[in-house]
Engineer: 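Take a look at the following structure, please.
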Amino acid sequence: MKHAQKAVEIANDVTAVLERVKPEDMATLARVLWEAKSIFLLGAGRSGLVTRAFGTRLVQLGKVCHVVGESTTPAIGRGDLLLVCSRTGETKTVVVLAQTAAASGARVAVVTAQPSSALADLGHPLVHLPVSPDLSARQPLGSLFEQSLLLFLDAIAAGIAEKRPRALIQMRQRHANLE
């Protein structure tokens, strides 16, 4: 298969996943993100990298945002939100950290491909990215989840920005200048 054809196939698979996400779940996640005092981001592996990329957009939108595990991350507590992204919903360290956040009074939001998982039980809200095994089999490991997650989170950021009249101007002003 030619590379361009493979890219189109991957894009079609991502579209198939995103078309099946419940719009009300997206709206709820966008709302709780915007309402949170501080947002803490958590994910392992490539899901973690995508989650961190979303943190960039949240900061540009004017939100206070922290990546779990960084030395500058403060304690989490009431009024805060932990956003956890995990394909399996079973990564042990991620589940333990989500439990810790919940016990500290923070809200835990979860995006996962497995709505029946240890992590999903902690998610309020819970967003299911319906990555089916038949679509996932066309790419290595969790690639389809991670690709879908990136576009899903970008759509959340774009939706938040769209509702704020000066958001794009403010985002440009907040863009990193130490690059």
Side-chain angles (χ1 to χ4, degrees), residues 3 6-7 9-18 20-21 25-26 29-30 32-33 36 38-61 63-76 80-104 106-158 176 179:
H3 295 293
K6 187 66 174 173
E9 182 181 280
I10 289 169
N12 289 337
D13 290 348
V14 170
T15 298
V17 170
L18 295 176
R20 295 186 352 233
V21 174
D25 290 349
M26 288 184 80
L29 181 59
V32 299
L33 284 163
S38 293
I39 300 166
F40 292 73
L41 303 169
L42 176 60
R46 286 172 40 125
S47 297
L49 293 172
V50 171
T51 306
R52 291 169 71 117
F54 181 55
T56 302
R57 289 291 178 253
L58 291 171
V59 168
Q60 290 167 346
L61 283 165
K63 297 302 295 179
V64 175
C65 193
H66 307 282
V67 175
V68 174
E70 294 294 327
S71 61
T72 57
T73 303
I76 194 169
D80 295 330
L81 174 73
L82 175 68
L83 174 63
V84 188
C85 300
S86 170
R87 181 180 58 84
T88 66
E90 297 292 343
T91 307
K92 300 237 182 290
T93 54
V94 172
V95 172
V96 168
L97 290 169
Q99 290 168 336
T100 301
S104 298
R107 186 173 197 164
V108 177
V110 173
V111 181
T112 184
Q114 299 299 326
S116 299
S117 62
L119 194 55
D121 292 342
L122 299 167
H124 303 288
L126 168 66
V127 178
H128 177 217
L129 278 187
V131 177
S132 63
D134 58 321
L135 291 178
S136 291
R138 295 197 238 203
Q139 295 187 66
L141 305 170
S143 293
L144 182 57
F145 176 78
E146 297 141 9
Q147 294 154 356
S148 301
L149 179 63
L150 176 65
L151 293 181
F152 170 80
L153 293 173
D154 274 349
I156 294 283
E179 295 182 300

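Since this is a predicted model, take the numbers as computed values, not measurements.
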Engineer: For Val131 versus Ala113, what's the shortest heavy-atom pair and its separation?
Structural biologist: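 In terms of heavy atoms, the two residues are closest at CB-CB, 4.2 Å.
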Engineer: Distance from Leu58 atom CG to Ser38 atom OG, nearest 0.5 Å?
Structural biologist: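 Those atoms lie 11.5 Å apart.
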Engineer: Report the distance from atom CG of Leu119 to atom NZ of Lys92, rounding to the nearest 0.5 Å.
Structural biologist: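 Rounded to the nearest 0.5 Å, the CG-NZ separation comes to 12.0 Å.
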Engineer: Quick one: side chain to side chain donor-acceptor pair (under 3.5 Å) partners of Gln114, sequence neighbours excluded?
Structural biologist: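 Partners of Gln114 under the side chain to side chain donor-acceptor pair (under 3.5 Å) test: none.
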Engineer: Kindly write out the residues that satisfy side chain to side chain contact (heavy atoms under 4.5 Å, CB included) with Asp121, not counting sequence neighbours, or none if the list is empty.
Structural biologist: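 If we apply the side chain to side chain contact (heavy atoms under 4.5 Å, CB included) test to Asp121, skipping adjacent residues, there are no hits.
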Engineer: Once side chain to side chain contact (heavy atoms under 4.5 Å, CB included) is applied, do any residues pair with Ser104, and if so which ones, sequence neighbours excluded?
Structural biologist: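 If we apply the side chain to side chain contact (heavy atoms under 4.5 Å, CB included) test to Ser104, skipping adjacent residues, the hits are Ile76, Thr100.
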Engineer: Side chains of Gln147 and Leu150, heavy atoms from C-beta outward: is any pair under 4.5 Å?
Structural biologist: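 When only atoms from C-beta onward are counted, Leu150 and Gln147 do not touch, as no gap falls below 4.5 Å.
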Engineer: I'd like to check the side chain to side chain contact (heavy atoms under 4.5 Å, CB included) partners of Ala118; sequence neighbours left out, ordered by chain and number.
Structural biologist: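 Expected list: Glu90, Val95.
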Engineer: Say you draw a straight line from SG of Cys65 to CD of Gln60; how long is it, rounded to the nearest 0.5 Å?
Structural biologist: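 That separation rounds to 11.0 Å.
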Engineer: Can you tell me how far the CG atom of Leu151 sits from the OG1 atom of Thr15, to the nearest 0.5 Å?
Structural biologist: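 If we round to the nearest 0.5 Å, Leu151:CG and Thr15:OG1 are 8.0 Å apart.
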Engineer: Please report the shortest heavy-atom distance between Lys63 and Ala36, naming the atom on each side.
Structural biologist: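 Looking at all heavy atoms of both residues, the closest pair is NZ-O, 2.8 Å.
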Engineer: Please enumerate all residues that pass salt bridge (charged side-chain N to carboxylate O under 4.0 Å, His left out) together with Arg107, with sequence neighbours excluded.
Structural biologist: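 Listed in chain order: nothing, the list is empty.
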Engineer: Check for a donor-acceptor pair, side chain of Arg20 on one end and backbone N or O of Pro130 on the other, with a separation under 3.5 Å.
Structural biologist: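 Yes, the answer is positive, given that a donor and an acceptor are paired below the 3.5 Å cut-off.
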Engineer: Applying side-chain contact (heavy atoms from CB on, under 4.5 Å), run through Leu83 and Leu29 and close with a yes or a no.
Structural biologist: CA-CA 9 Å; Leu83 174 63; Leu29 181 59; 4.1 Å; yes
Engineer: For a quick test of reading the model, state the closest non-hydrogen atom pair linking Cys85 to Ser47 and the distance between them.
Structural biologist: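 Result for this residue pair: O-CB, 3.8 Å.
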Engineer: I'd like to know if the side chain of Ser86 and the backbone of Thr112 have a donor-acceptor N/O pair within less than 3.5 Å.
Structural biologist: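 No, Ser86 side chain to Thr112 backbone: no donor-acceptor pair under 3.5 Å.
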Engineer: Can you tell me how far CG of Leu42 sits from OG1 of Thr91, rounded to the nearest 0.5 angstrom?
Structural biologist: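 Atom-to-atom, Thr91:OG1 and Leu42:CG are 9.0 Å apart.
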Engineer: Which of these, Leu149, Asp154, Leu41, Val111, sits in a side-chain contact (heavy atoms from CB on, under 4.5 Å) with Val50?
Structural biologist: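 The option that passes is Leu149.
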Engineer: Are Val14 and Leu144 close enough that some pair of their side-chain heavy atoms sits under 4.5 Å apart?
Structural biologist: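 With C-beta onward as the side chain, the pair touches.
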Engineer: Supply the atom-to-atom distance Arg52 CZ to Leu153 CG, rounded to the nearest 0.5 angstrom.
Structural biologist: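 Rounded to the nearest 0.5 Å, the CZ-CG separation comes to 14.5 Å.
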Engineer: For a quick test of reading the model, state the closest non-hydrogen atom pair linking Phe152 to Met26 and the distance between them.
Structural biologist: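 The answer is CE1-CG, 3.2 Å.
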Engineer: Tell me, which pairs form a ring pair (Phe, Tyr, Trp, His ring centres under 6.0 Å) where one or both residues lie in residues 39-59, sequence neighbours left out?
Structural biologist: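 For residues 39-59, and leaving out neighbouring residues, the ring pair (Phe, Tyr, Trp, His ring centres under 6.0 Å) pairs sorted by first residue read Phe40-His66.
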Engineer: Taking all heavy atoms of Leu18 and all of Leu129, pick out the closest pair and write down the distance.
Structural biologist: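 Answer, listing the atom of Leu18 first, then Leu129: CD2-CD2, 4.3 Å.
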